[in-house]
Structures are given as C-alpha cells and as structure tokens.
Amino acid sequence: MKTGLITLLLLLLAATQVKAQINIQAEYFGESHYADENNNKLGESKGSAAVYQVNAKIPISMKINKDSLAVVWGVALSGSYTSLKNKNFTQDMLLSDIVNAQFSLFNITPLNKKWNMLTFAGAGIYTDQTKISKMGARNVLGNAGAIFIKKINSKLDLGGGVAFNNAFGYPMIFPALYINYNSPGKYTFNVSLVSGFQLSAGYEISKYMTLSLIGEMNGQLALLEKDGKDVIFTHQYVVTGLRPEFKITKNISLPVTLGISAMRPAYFTERNLKNIFNNNNNYQFQLSPYASAQINYKF
C-alpha cells in the first residue's frame with residue numbers, strides 16, 4: 001500500500017489546543033543512493049534534499065456556550081518548499097522542486113465535557129512549479145472533514161471520523177484518525193497522529209532545555225501532468241534522532257535535531273485509485289544523515 005500517499009492525504013489540524021501557534025522549520029537530508037522497492041541501488045543515482053516550511057494555526061473567534069464550554073473558529077495556514085538535489089539519473093524519475101501551500105478553516109464544537117467535534121474545510125496548491133503563473137487547476141487539492149474527539153484523560157485525546165478530498169481527480173471519502181498523547185513533566189512522552197506522525201521521549205535538563213529522542217514521519221506531494229497523464233509525485237520521509245529544545249522565553253522555543261533519515265521514498269504514480277495499493281514504483285533514497293532547526297512561537 002502507498003502509505004506515504006495515505007499519510008499525506010490525511011494530514012489533520014492540531015486544533016484542539018486553542019492557543020495560536022506559528023513554527024518555522026528547515027530540514028536537510030544528506031546524500032544517499034536511490035533504490036527500488038527491493039532496496040537494490042539504481043546504478044550511481046543518488047541525491048540530497050532540503051525542506052523549508054512555515055505552519056500557523058490562529059483562532060479567530062471563541063464563544064462560551066450554555067454549558068460554559070468554548071466553541072472555537074480558526075484558520076490553519078502552511079507552506080513548504082522542497083529542493084531535491086538529484087545526481088546521475090539516466091531517466092526522468094524525480095522532481096527538482098515541490099511547492100505546497102494550504103489553507104483551512106476549522107471549528108471546534110464541544111458536544112459535552114468529554115467529546116468535541118472538529119470540522120474543517122480548505123484547499124491547497126501541490127505543484128512542482130515555483131512560478132504562480134504556471135500553477136493551474138490540476139495542482140489544486142480540496143479537503144473537508146469531520147472528526148469526533150474524546151478526551152480520555154488529561155493526557156490522551158482519541159478521535160475518528162471522515163475526510164473528503166479530490167486527490168484522484170474526483171471527491172472521495174477516507175477514514176480520518178486523531179491521536180494526541182502528551183505527558184509533560186521532568187520526563188516527557190508524546191505521541192501524535194495529527195499532522196503526520198510524531199513520537200518523542202524526553203528529559204527536562206533545566207527550565208531552559210529539554211533533550212528528546214524523536215521519531216517522525218512527514219512529507220510533501222505534487223500533482224502534475226507527465227507523459228500525457230495526470231500523476232502524483234510523493235516525497236515522504238521517516239527520521240529519528242536527538243533533539244535538544246532551547247526555551248528562549250515562555251512562548252518561544254528553538255528545537256534542533258541531529259539524526260538520520262531512515263528512508264526517504266520519492267516516486268511518481270498515476271493519479272487513480274488502483275495505484276494506491278501498487279508497490280511496483282515505490283522507489284526511495286537510502287539511509288542518510290538528517291538535521292533540522294525550528295522556531296516555535298505560541299501566543
């Protein structure tokens with residue numbers, strides 16, 4: 001199954017926390033060989049990559065209902081630019097640039113003290129073009145969904161629902177999962193299936209610094225035409241490493257990650273439903289060094 005594509009299509013909003021958040025991140029993937037689905041190297045083909053992204057979640061309205069619970073409306077914005085440095089390829093198997101930009105409007109409605117309903121709708125541009133004039137309707141992906149989220153306890157939220165998008169050229173329904181576990185304190189443990197996948201276990205060395213072992217999965221995609229066919233280019237990555245996070249102020253922190261990219265799938269598939277279960281073209285870059293730096297601002 002094309003797990004990378006499914007993960008990308010089900011990116012959801014971390015909207016149950018009401019505070020506004022902005023983060024800016026730069027990621028670097030060192031050079032490694034390109035291999036097929038059986039991990040056989042394709043000649044001397046190799047490559048590295050850099051990803052630059054900005055994400056923002058901003059509540060725009062909050063009202064207290066008759067049960068003294070907050071009903072929240074907000075917007076989520078994100079944008080990324082991915083540069084792939086590919087070497088020694090004899091075929092047109094990869095893109096050099098990926099541009100993603102998304103906008104969503106979300107609403108959180110409490111059903112009672114334990115249950116919330118999260119609804120969202122929006123659209124995004126997913127393209128290999130860096131000039132606005134060359135972007136078209138083919139590059140647009142719409143999305144909407146509804147998720148019911150239960151607060152199991154003070155640390156864990158679980159939810160499920162449905163999401164709609166036109167990734168295959170026509171509207172389709174996909175299952176949507178929501179998992180958010182946050183255990184703060186001297187020792188921290190976090191699991192999130194909200195926007196990609198994040199796992200971390202950390203230790204608060206001081207009030208200014210936390211050191212964590214992390215594992216994450218994320219990625220980008222582009223919708224385009226290739227050889228007269230509508231195709232999807234998926235760029236996904238699984239990374240792990242050590243992350244010191246420096247707390248500059250109560251609202252600003254600087255996480256820095258050093259580690260490895262365990263795998264970095266990058267491949268074309270035709271834009272139709274049957275190819276979501278096709279592993280024949282699941283090419284990927286092999287193990288490589290990984291580094292990232294980020295600025296987080298909450299207000």
Side-chain angles (χ1 to χ4, degrees), residues 2 4-5 7-13 22-29 34 47-58 60 74-87 89-106 120-145 163-172 195-196 218-237 264-273 275-276 281 283 285 292 294-295:
K2 296 291 185 180
L5 178 57
T7 301
L8 292 170
L9 297 182
L10 299 185
L11 293 184
L12 303 177
L13 302 170
I22 298 174
N23 66 69
I24 302 170
Q25 184 178 32
E27 300 175 276
Y28 175 74
F29 301 83
Y34 194 59
S48 60
V51 179
Y52 309 95
Q53 54 186 320
V54 179
N55 299 282
K57 186 197 70 181
I58 305 172
I60 56 177
V75 295
L77 307 166
S78 64
S80 67
Y81 169 68
T82 304
S83 174
L84 287 84
K85 304 297 184 182
N86 309 312
K87 298 180 180 179
F89 280 83
T90 59
Q91 301 180 51
D92 184 17
M93 301 182 71
L94 297 170
L95 296 178
S96 297
D97 304 285
I98 305 173
V99 177
N100 288 179
Q102 304 93 25
F103 169 85
S104 292
L105 176 69
F106 66 84
F120 60 94
I125 296 288
Y126 302 84
T127 180
D128 62 329
Q129 301 295 329
T130 56
K131 294 183 178 179
I132 295 178
S133 60
K134 293 186 177 181
M135 300 177 187
R138 176 181 284 109
N139 310 124
V140 177
L141 179 65
N143 65 83
F164 302 81
N165 63 59
N166 62 316
F168 299 105
Y170 42 83
M172 287 193 61
S195 180
N218 213 325
Q220 300 79 38
L221 63 82
L223 309 174
L224 64 150
E225 182 181 8
K226 184 175 184 287
D227 300 328
K229 298 179 181 179
D230 285 335
V231 299
I232 300 173
F233 181 78
T234 298
H235 178 247
Q236 187 193 9
Y237 40 90
R264 187 163 63 90
Y267 51 82
F268 286 101
T269 54
E270 290 187 32
R271 193 176 174 182
N272 55 54
L273 184 58
N275 279 294
I276 199 170
N281 297 319
Y283 299 118
F285 289 97
S292 73
Q294 187 172 338
I295 301 175

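Numbering starts at 1 and runs along the sequence shown. Just so it is clear, the model here is predicted, and its values are computed rather than measured.
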Any idea which heavy atoms bring Tyr267 and Tyr283 closest together, and the distance? CD2-O, 3.5 Å
Closest heavy-atom pair, Lys134 versus Asn139, reported as atoms and distance to 0.1 Å, is O-OD1, 4.4 Å
How about Ser48 and Phe285: do any of their side-chain heavy atoms sit closer than 4.5 Å? no
CD1 of Ile24 to CD1 of Ile295, rounded to nearest 0.5 Å, is 5.5 Å
Heavy-atom closest pair (Gln220 atom, Ser80 atom, distance to 0.1 Å) is CG-OG, 3.8 Å
So, applying side chain to side chain contact (heavy atoms under 4.5 Å, CB included) with Arg271, which one of Val231, Asn166, Leu224 is it? Asn166
Under the side chain to side chain contact (heavy atoms under 4.5 Å, CB included) criterion, do Glu27 and Gln294 qualify, and how do the steps go? CA-CA 9 Å; Glu27 300 175 276; Gln294 187 172 338; over 6 Å; no
Can we call the ring centroids of Phe29 and Tyr237 under 6.0 Å apart? yes
Above 12 or not: heavy atoms from other molecules or residues under 6.0 Å from OH of Tyr52? no
With sequence neighbours excluded, tell me which residues meet side chain to side chain donor-acceptor pair (under 3.5 Å) with Tyr81. Asp97
Does the side chain of Ile125 reach to within under 4.5 Å of the side chain of Ile132, using non-hydrogen atoms? no
dist Gln53:CD -> Thr82:OG1 (nearest 0.5 Å) comes out at 7.5 Å
Could you tell me which non-hydrogen atom of Thr127 sits nearest to which non-hydrogen atom of Asn100, and how far apart they are? N-ND2, 4.2 Å
Over all atoms of both residues, closest heavy-atom pair of Ala167 and Leu141: N-CD1, 3.3 Å
Ring pair (Phe, Tyr, Trp, His ring centres under 6.0 Å) partners of Phe89, counting only residues at least two apart: Tyr34
On a heavy-atom basis, which atom in Ala123 and which in Asn143 lie closest, and how many Å separate them? N-ND2, 3.9 Å
Got Ile22 and Asn55 here, is their nearest side-chain heavy-atom distance under 4.5 Å? no
Got a sec, which pairs hit salt bridge (charged side-chain N to carboxylate O under 4.0 Å, His left out) with one end in residues 219-230, sequence neighbours left out? Arg138-Glu225, Arg138-Asp230, Lys229-Glu270
Using a 4.5 Å cut-off on heavy atoms from C-beta on, say whether the side chain of Phe233 contacts that of Asp128. no
From Thr130 OG1 over to Ile98 CD1, what is the distance, rounded to the nearest 0.5 angstrom? 12.5 Å
